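Right, one structure below, let's go through it.
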Amino acid sequence: MAERVVTMAIGPLVSMLKDKASSYLLDQYKVMEGMEEQHKILKRKLPAILDVITDVEEQAMAQREGAKAWLQELRTVAYVANEVFDEFKYEALRREAKKNGHYIKLGFDVIKLFPTHNRVAFRYKMGRKLCLILQAVEVLIAEMQVFGFKYQPQPPVSKEWRHTDYVSIDPQEIASRSRHEDKKNIIGILVDEASNADLTVVPVVAMGGLGKTTLAQLIYNDPEIQKHFQLLLWVCVSDTFDVNSLAKSIVEASPNKNVDTDKPPLDRLQKLVSGQRYLLVLDDVWDNKELRKWERLKVCLQHGGMGSAVLTTTRDKRVSEIMGADRAAYNLNALEDHFIKEIIEARAFSSKKEKPIELVEVVDEIVKRCCGSPLAATALGSVLCTKTSVKEWKAVSSGTSVCTDETGILPILKLSYNDLPAHMKQCFAFCAVFPKDYKINVEKLIQLWIANGFILEYKEDSPETFGKHIFDELVSRSFFLDLEESKDYSGYYSSTCKIHDLMHDIAMSVMEKECVVATMEPSEIEWLPDTARHLFLSCEEAERILNDSMQERSPAIQTLLCNSDVFSPLQHLSKYNTLHALKLCLGTESFLLKPKYLHHLRYLDLSESSIKALPEDISILYNLQVLDLSYCNYLDRLPRQMKYMTSLCHLYTHGCWNLKSMPPGLENLTKLQTLTVFVAGVPGPDCADVGELHGLNIGGRLELCQVENVEKAEAEVANLGGQLELQHLNLGDQLELRRVENVKKAEAKVANLGNKKDLRELTLRWTEVGDSKVLDKFEPHGGLQVLKIYKYGGKCMGMLQNMVEIHLSGCERLQVLFSCGTSFTFPKLKVLTLEHLLDFERWWEINEAQEEQIIFPLLEKLFIRHCGKLIALPEAPLLGEPSRGGNRLVCTPFSLLENLFIWYCGKLVPLREAPLVHESCSGGYRLVQSAFPALKVLALEDLGSFQKWDAAVEGEPILFPQLETLSVQKCPKLVDLPEAPKLSVLVIEDGKQEVFHFVDRYLSSLTNLTLRLEHRETTSEAECTSIVPVDSKEKWNQKSPLTVLELGCCNSFFGPGALEPWDYFVHLEKLEIDRCDVLVHWPENVFQSLVSLRTLLIRNCKNLTGYAQAPLEPLASERSQHPRGLESLCLRNCPSLVEMFNVPASLKKMTIGGCIKLESIFGKQQGMAELVQVSSSSEAIMPATVSELPSTPMNHFCPCLEDLCLSACGSLPAVLNLPPSLKTLEMDRCSSIQVLSCQLGGLQKPEATTSRSRSPIMPQPLAAATAPAAREHLLPPHLEYLTILNCAGMLGGTLRLPAPLKRLFIMGNSGLTSLECLSGEHPPSLESLWLERCSTLASLPNEPQVYRSLWSLEITGCPAIKKLPRCLQQQLGSIKRKWLDARYEVTEFKPLKPKTWKEIPRLVRERRQACRS
């Protein structure tokens, strides 16, 4: 059976042309005057083409070349014809605006904006174009008859949308069952490598659509993986394995995506993973057949902690062999047939209750064609969902090719695409404009469809509604997946989706060269063909790439989406006159576009741009439907003539914090549906007032700010529902009103906003707290879900029973939260936030005629902060119901509460009274107290009076059966902890020492424990007891799951009488010890027990000295190294510390600060006294080079150390034996350091040379060698970052810079006289060079390579540097950031740019004079 191909649906394009040709605007404004006859002929002939278009497309899919060529020509003609009728429409809109007075407002600018608006000239130009189109159409019709295309009625576009229950099947649930063994095997591999110092790479190989990504998601989200790895990262690689781009993507997938953004991507990646056990998923790698690319990335990834792993998914076995060279690939097998059948049936029958037997019998045949691919099964099931007869099902089965290794499942996906209605094909194929794995904003996607004319207008529904139906249908057919809804930091909601990479391949094959995606700078000159219609750019310097390409070519671009900042103007602007949709992020304050070339623009996204204002002539964009200005932080005004942009439907202005007002005449924008922010400015002719919103059917979110200035507003705001003044506006989605204080008497119609049916969220914001009773009787309609009120000055609130979320902040005079009423039950409330309510003391008004009750049956989150007068949480009568044995199971008003935060409420004494509930236990049930049976997170902070967990009888157990996280900070009167059998995270800050004895009850469940108790100068023997009581130890039969332990003032762990249960903590990975006064010697027994420890931090232990100086103590070199797997060590502010313990070879990062007596950083170093002899004067006899240093037993300590930071360690006489592996070295205020050198054996010692002469330095007599100028400091060969701050004790001399060095910071007098490159090696390529107050430094390297990559330079306060090296002078102009003393600035090299040849001699003289100075 010949494979059918996928083709673009041309029918919708011709239908679009037919609708444009029939537009009423053309006749109303007589824009086709003189062309009436051609117009009529065209309108008659277009339906003739549509009559046969279905037959032609079917023949093209069957690979008939004649039909394909005819369709291609029709597409070309249809595109040109659509552009011509766009010009007719714009002319009609221009005449309409002129009629309404726009020309008068524009003044003399009209001449520049419309230089050829003469009607005669327009008729002549457009008449010629129309004739050419008509000729082309007549040729197509003649060929149509020759080819014998047959009439086949087009299926009508359905207005009856079927109910798509695409959530009836849970792919993750089926995948979890079907891939359970695979998941278990791979998790086992990843976890078992915990002690492996090498990077583990696990490639998963299978053909496309077999579920590799789904399996990786299951592994990534598994609780065991989430707990085992400290950092989890997910990146989709897809098309191009570019090392720098991939490194950048990995960093941006982490929580530290905004850290060190100025550094190179590989450096950021190395810093991100350094010392952390991470899991990196590289999904869909299939363009990495070059070993060197992977090795470059792997070098950075290997800096992670022990047990780090990379999980890759790929279709290509060669890729898996390269990336997982040391491990066999994990081959993913096909899914079993019964799972495939389950997927097909779930999709095909959807939510139907019955499955006809005759249809079920056909499924077995279809299963065989899927070859175990869940994606193929999903696609076929979605196709079958639209079929109802056995004949149709068998036709699908017989028309489907069996999946093979060569074709994969593409034939099935093509069938799924070909089964779509024509208008849906066009919409989906457009998605090829997005890169693979791109998160597509659903709302923006639908708007782009509309802007490009893919969705026609119907009287029954708006284009947005029609587009949403199309999107939902495509989702139900699995063309879109990974639907997510998120909320940005300003509270604006958005939905996103993705496209499976194989589906993306289908879309790209349909669009051929019409969609162009450039995620990195294109290498080919021909990257932008003349056929390009839709363009996506996300590479740097996008404007330069566009300018270069458009200079040579003139594609009729309709969509340009630029995902990177644009700083310079686009050139050849006249070539963009076909644009329908444009997204640019302008990095300049000025507007870089010319609206006169953008007449056909429907969609303009300038979000996150730096522009301060939009030009007035943007108001000539009469076709514009979407204008997105969100998060343009500097934007302070909108064009005054926006009222003439009558096609505008969506205006996004949220996040424009400097916007001062809205333009007048918004009532003219009768199509406006979305307005996210309304800013009420000072009344005047150039700004709109709130009265212009009359009649607005607001939906989504509404915010009114500075309400105190809205005069006569009390009654209106109380009702919050009325009609403002725009009679014809039908606004939906989210709306925010700001600066309402500028709204004056007659315009203050802010009434009844709360009663608008589509309004979901309302925010009222006062600038300052003042007297007000506006909300005393506030009763919003039932559809309002979210209410946010800021700085309201009233003392009580109205009835808010129907709210889902209530947020009150800064309402300092509020005393009573809820007014009296018939009921205090809040049946829908899920989130309640109360902040800075300084007078708040009661939850409701006291009414003697009714019972006091307030119940939150659905409340999930309660946040209370800075409510200083609040004494207790709300009480309620306990509601009982019968239970076993005659006891009563009592319900609580907080039965579903999961998150409770109470901060800075100094008078709050207990939590609410806990009713009795049944808890299962061995042998039956027991009665316990539980006010919060569903609570998972509890945080209490700064509660000065809080001392009891409830108001019940003392001694009764208090149970939090579901509590997982408990944080108690600054609650000085609390001395006990509640029962919480599932507690995994416990944080106690500034707690009583007595609290320590309650921790043992959680040891079987805790994974993170932070205990920072109150400091006591002396510790009683009773306090120094084990954390696990004797009776608990006897019952203890398993190891603790604890992975993080942070201790402050916990002498009980290390006191002389303590029996530490350290053997229990075999999973502990991080240990922090702070202010432990009883810690004197290194706790070797603790180190030996902690076999999984990776990070150790000890600080503020004032009595810690190190090892005991016993006579029989073995030498440091003979001591064992514990903990063996330690990777990061930090010691701070231990003033008595003299000696280090023998750190293990696994150590990668060491930070030591404020240890003023420490004499060595690697343990007891023998031979140091003989090496460095410091006399009473400042002179010392030192070896000239590292070759003269004696060998010591510690030469090869810390072979993996990469980061070393020393600060305020004034007793270190020298830093010797720096390991060759070191990449970062920082020294600050280490005034006694004299020598910098590298370990012996770690550096090939070439003959010492100067960087200028490259001639060997001959051996010198000892006297000469000890002269300051001859001394040299040799650094580790792999060092990349070096910082020396205020190390005045260094003996000066030459500092030799290794080749990998990228950043060098030297500040304060260090005695150094010169910086030189290492001989025999490539000179370093510095990125940052900072030299400040280096009084003796006189010489810098004179190698051009050193400065070519420099982007940051500071040389200040260095008087010995008389002149910069010439190669550095030549680079000054290209360095982005520089701070230089004035004498260096004049030497900045600038190319000669004489205005005339006569000026050259003068410029040469000036340059020579500048160089001499």
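Just so it is clear, the structure is predicted and the values come from calculations on it, not from any experiment.
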Subject >> Salt-bridge present (Lys212, Asp501; N to O < 4.0 Å) >> reply: no

Subject >> Sidechain N-carboxylate O distance under 4.0 Å for Lys436, Asp505 >> reply: yes

Original post:
Relative to the ring of Phe428, is the ring of Phe479 parallel (under 30°), tilted (30 to 60°) or perpendicular (over 60°)?
Top reply: perpendicular

Original post:
Between atom CZ of Arg75 and atom CD1 of Ile10, what is the distance when rounded to the nearest 0.5 Å?
Top reply: 5.0 Å

**OP:** Please step through side chain to side chain contact (heavy atoms under 4.5 Å, CB included) for the pair Ile450 and Phe466, ending with a clear verdict.
**Re:** CA-CA 10 Å; Ile450 297 171; Phe466 198 75; over 6 Å; no

Original post:
Does Trp449 use its side chain to pair, donor to acceptor, with the backbone of Ile455 at less than 3.5 Å?
Top reply: no

Subject >> Crowding at NZ, Lys830 (>12 non-hydrogen neighbours, <6.0 Å) >> reply: no

**OP:** Flag this pair as yes if the NZ/CZ of Lys583 is under 6.0 angstrom from the six-membered ring centre of Tyr603 and inside a 45 degree cone about the axis; otherwise no.
**Re:** no

Original post:
Should we say atom NZ of Lys444 is surrounded by more than 12 heavy atoms from elsewhere, each under 6.0 Å from it?
Top reply: yes

**OP:** Keeping the roles fixed (side chain from Asp222, backbone from Leu218), state whether a donor-acceptor pair exists under 3.5 Å.
**Re:** no

**OP:** May I ask you to say whether Glu342 pairs ionically with Arg177, meaning some side-chain N is under 4.0 Å from a carboxylate O?
**Re:** yes

Original post:
Do Glu473 and Arg477 sit within salt-bridge range, that is, some charged N less than 4.0 Å from a carboxylate O?
Top reply: yes

**OP:** Would you please indicate yes or no on a ring centroid separation below 6.0 angstrom for Tyr220 and Trp234?
**Re:** yes

**OP:** Kindly write out the residues that satisfy salt bridge (Lys or Arg N to Asp or Glu O under 4.0 Å) with Glu65, not counting sequence neighbours, or none if the list is empty.
**Re:** Lys68

**OP:** Determine yes or no for a side-chain-to-main-chain donor-acceptor pair under 3.5 angstrom, with Glu57 supplying the side chain and Gly11 the backbone.
**Re:** yes

Subject >> Minimum heavy-atom distance between Pro203 and Thr312, given as atom pair plus value >> reply: CA-OG1, 3.2 Å

**OP:** Going by the side chain to side chain contact (heavy atoms under 4.5 Å, CB included) test, name the single residue among Leu279, Val281, Leu280, Asn221 that passes it with Leu232.
**Re:** Leu279

Subject >> Passing option when Thr313 is tested against Thr213, Thr214, Asp283 for side-chain hydrogen bond (donor to acceptor under 3.5 Å, both in side chains) >> reply: Asp283

Subject >> Electrostatic pair Asp472:Lys468 at N-O distance under 4.0 angstrom >> reply: yes

